[in-house]
Amino acid sequence: MASTAPPTDRPPRYWLMKSEPDECSIDDALAAPQHTVPWTGVRNYQARNFMRDDMQVGDGVLFYHSSCPEPGIAGIARVASATRPDPTQFDPESPYFDPKSPTDRPRWLLLDVQALRKTPLISLAELRAVPALAEMRVLQRGNRLSITPVTDAEWARILTLV
DNA sequence: GCCAACGTTGGC
DNA sequence: GCCAACGTTGGC
């Protein structure tokens, strides 16, 4: 039977994904065809494994702007594909080129992210001011992961802020 | 530009 | 497998 349902029937999970707005902002993603962009450039094994093992089509995404004048949550998105090899790892012209990645066994993956809407920016300071979000991964000291899980409760609380 | 935190690399 | 050196991230 044909279906547009996600590949499994598990409930959606939620994620926060960091993007430098100079490279791909929420506006860039919304301007892309189908509002969808390939999430290139993940070069951390833990983040890769989240994509490969835990993220599924339909999962919710907090689109986070990092390394910019106003870091924070800038929009809502969804996971829009399964993983596939990230072509930039094989492109010597790309800043994400990885000469150690074997072409027959690509080390790095990406998936598509579909932007759903832009939100008023929720700054780090605003996030930190919400007691219910105190345990959020992205707010923990020294956190550098570009993809982090978001709990159901954190997701629901953030949606009340946007 | 600073610097704390963390991941990766590579010699042993 | 240890661990020091190094590179990167990312807020400030």
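Fair warning: this is a prediction, and the values are worked out from it, not measured in the lab. Every chain is numbered from 1, with letters handed out A, B, ... down the list of sequences.
In this structure, A/D98 places its CG atom 13 Å from C1' of B/dT9, rounding to the nearest Å. Straight-line distance from the OH atom of A/Y96 to the C1' atom of C/dG7: 16 Å, rounded to whole Å. The distance from atom CG of A/L16 to atom P of C/dT9 is 17 Å, rounded to the nearest whole Å. Spacing between atom CZ of A/R48 and atom C1' of B/dT8 amounts to 14 Å, rounded to whole angstrom units. Rounded to an integer number of Å, the gap from A/Q46 CD to B/dG7 C1' is 10 Å. When the C1' atom of B/dC6 is taken as reference, atom CD1 of A/I147 falls 17 Å away, rounded to whole Å. Protein atom CD1 of A/I73 is 16 Å distant from nucleotide atom C1' of C/dG11, rounded to whole Å. For the pair A/N44 CG and C/dT9 P, the interatomic distance rounds to 10 Å; values are reported in whole Å.
Nearest nucleotide to the side chain of A/S66, out of B/dG7, B/dT8, C/dG11: C/dG11.
Under the 3.5 Å distance criterion, with hydrogens and angles disregarded, a donor-acceptor pair is assigned to the side chains of A/S101 and A/Q89. Donor-acceptor pairing under 3.5 Å is lacking for the side chains of A/D27 and A/S25.
Scanning atom types as modelled, one donor and one acceptor separated by under 3.5 angstrom connect the side chain of A/R144 and the base of C/dT8.
With hydrophobic clusters built from ILVMFWY side chains whose heavy atoms lie under 4.5 angstrom apart, A/L124 shares a cluster with A/V162.
Through direct or indirect side-chain contacts shorter than 4.5 Å among Ile, Leu, Val, Met, Phe, Trp and Tyr, A/V113 is connected to A/W15, A/M17, A/I26, A/L30, A/V37, A/W39, A/V42, A/F50, A/M51, A/M55, A/V61, A/F63, A/V79, A/L111, A/L145, A/I147.
Taking only side-chain nitrogens and oxygens, A/K100 comes nearer than 4.0 Å to OP1 or OP2 of B/dT9. In this structure, A/Y64 does not reach the C/dT9 phosphate: none of its side-chain N or O atoms is under 4.0 Å from OP1 or OP2.
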